Amino acid sequence: QVQLVESGGGSVQAGGSLRLSCAASGYTFNGNCMGWFRQAPGKEREGVAAMRTAGGLTSYAGAVKGRFTISQDNAGNTVYLQMNSLKPEDSAMYYCAAGPSFFCAGGFGTMRSGFRYWGQGTQVTVSS
């Protein structure tokens, strides 16, 4: 049984940093595509960052580029999202998700609709 579990969310003031973790059981991120998504109340779930772990190719939403960094551990069981210079508009529930490598070539919309495995989310709140 595959499980993805996010952690590391919390409340922080604008300009602060958080590092989210996504731990997998029954699944390895190695050779696959994984992504971080977020959803604020009343808004659609949107892609934030993605990584095709074979080769380390990454992609970011324009709103977070230069502030967020996606990475993984060597074992391929945990993926991270380092979030710096946080803004109030970054406040949302953050989810990790994963699927086969080819999803990373399709963009966030493709990943969002096609990823089979999703975590339960971790809340990030940024105050001004």
Side-chain angles (χ1 to χ4, degrees):
Q1 182 181 357
V2 174
Q3 277 192 312
L4 304 181
V5 180
E6 303 95 336
S7 61
S11 297
V12 64
Q13 288 193 327
S17 298
L18 285 172
R19 189 175 83 153
L20 306 184
S21 299
C22 175
S25 60
Y27 187 83
T28 178
F29 293 120
N30 285 337
N32 289 307
C33 175
M34 75 81 51
W36 285 97
F37 294 77
R38 66 186 182 187
Q39 188 167 19
K43 295 188 176 181
E44 287 191 353
R45 188 170 298 189
E46 62 177 358
V48 173
M51 170 183 279
R52 190 178 68 194
T53 56
L57 186 67
T58 59
S59 58
Y60 297 93
V64 307
K65 194 171 291 185
R67 300 188 296 122
F68 290 13
T69 303
I70 187 171
S71 63
Q72 68 166 61
D73 71 339
N74 290 334
N77 296 326
T78 305
V79 177
Y80 305 98
L81 184 68
Q82 178 67 43
M83 306 187 295
N84 298 328
S85 302
L86 283 162
K87 304 175 181 180
E89 51 264 43
D90 294 319
S91 297
M93 186 72 78
Y94 282 71
Y95 301 89
C96 67
S101 179
F102 65 83
F103 276 109
C104 273
F108 287 121
T110 299
M111 297 179 216
R112 184 181 59 208
S113 59
F115 274 164
R116 178 178 180 181
Y117 303 115
W118 290 82
Q120 82 290 346
T122 186
Q123 179 68 40
V124 171
T125 303
V126 185
S127 58
S128 57

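Being a predicted model, the structure only gives us computed values, none of them experimental. All residue numbers refer to positions in the sequence shown, counting from 1.
Residues L57 and M51 have side chains not in contact (no heavy-atom distance under 4.5 Å, counting atoms from C-beta outward). Side-chain atoms of V48 and L81, non-hydrogen and from C-beta on, do get closer than 4.5 Å to each other. Using a 4.5 Å heavy-atom threshold, the side chains of R67 and K87 count as touching. Q82 is listed as a side-chain neighbour of S17, based on a closest heavy-atom distance under 4.5 Å. Counting only heavy atoms from C-beta outward, the side chains of L86 and L18 approach each other to under 4.5 Å. T58 places a side-chain heavy atom less than 4.5 Å from the side chain of Y60. Within the 4.5 Å cutoff, the side chain of W36 has heavy atoms near those of the L20 side chain. Using a 4.5 Å cut-off on side-chain heavy atoms (C-beta onward), F102 and T110 make no contact.
A donor-acceptor pair is defined here as one N or O able to donate and one able to accept, closer than 3.5 Å; such a pair exists between the side chain of D73 and the backbone of T78. Y95 contributes no side-chain N or O that, together with a main-chain N or O of E6, makes up a donor-acceptor pair within less than 3.5 Å. When atom types are taken as modelled, the side chain of T122 and the backbone of G9 share a donor-acceptor pair closer than 3.5 angstrom. The closest donor-acceptor contact from the side chain of S91 to the backbone of V126 lies under 3.5 Å. Side chain of T53 to backbone of G31: a donor-acceptor contact under 3.5 angstrom is found.
By the rule that hydrophobic residues join a cluster once side-chain heavy atoms approach within less than 4.5 Å of another member, V5 and M34 end up as members of separate clusters. Both V64 and V124 are part of a single hydrophobic cluster, where members link through side-chain heavy atoms under 4.5 Å apart.
For the 3.5 Å distance criterion, the side chains of N30 and Q72 qualify, holding a donor opposite an acceptor. Inspection of the Y27 and N32 side chains reveals an N or O donor paired with an N or O acceptor under 3.5 Å.
In this structure, CZ in R52 is found 14.0 Å from CZ in F103, a value given to the nearest 0.5 Å. In this structure, C22 SG and Y117 OH are separated by 13.5 Å, a value rounded to the nearest 0.5 Å. We find the CE-OG distance between M83 and S85 to be 11.5 Å, quoted to the nearest 0.5 Å. Note that CG of N77 is 8.0 Å distant from CZ of F29, once rounded to the nearest 0.5 Å.
By the 6.0 Å and 45° rule, R45 does not stack over the aromatic ring of F37.
Pairing each heavy atom of A97 with each of F115, the nearest pair is CB-CD1, 3.4 Å. Shortest non-hydrogen contact noted between G121 and M93 is C-SD, 3.7 Å. Between F108 and A50, the shortest heavy-atom distance links the atoms CE2-CB, 3.8 Å. Counting all heavy atoms, side chain and backbone alike, M111 lies closest to C33 at SD-SG, 4.1 Å. Between A92 and R38 the shortest heavy-atom distance is CB-CB, 3.8 Å.
Exactly one of S127, S128, P88 qualifies for a side-chain contact (heavy atoms from CB on, under 4.5 Å) with Q13. That residue is S127.
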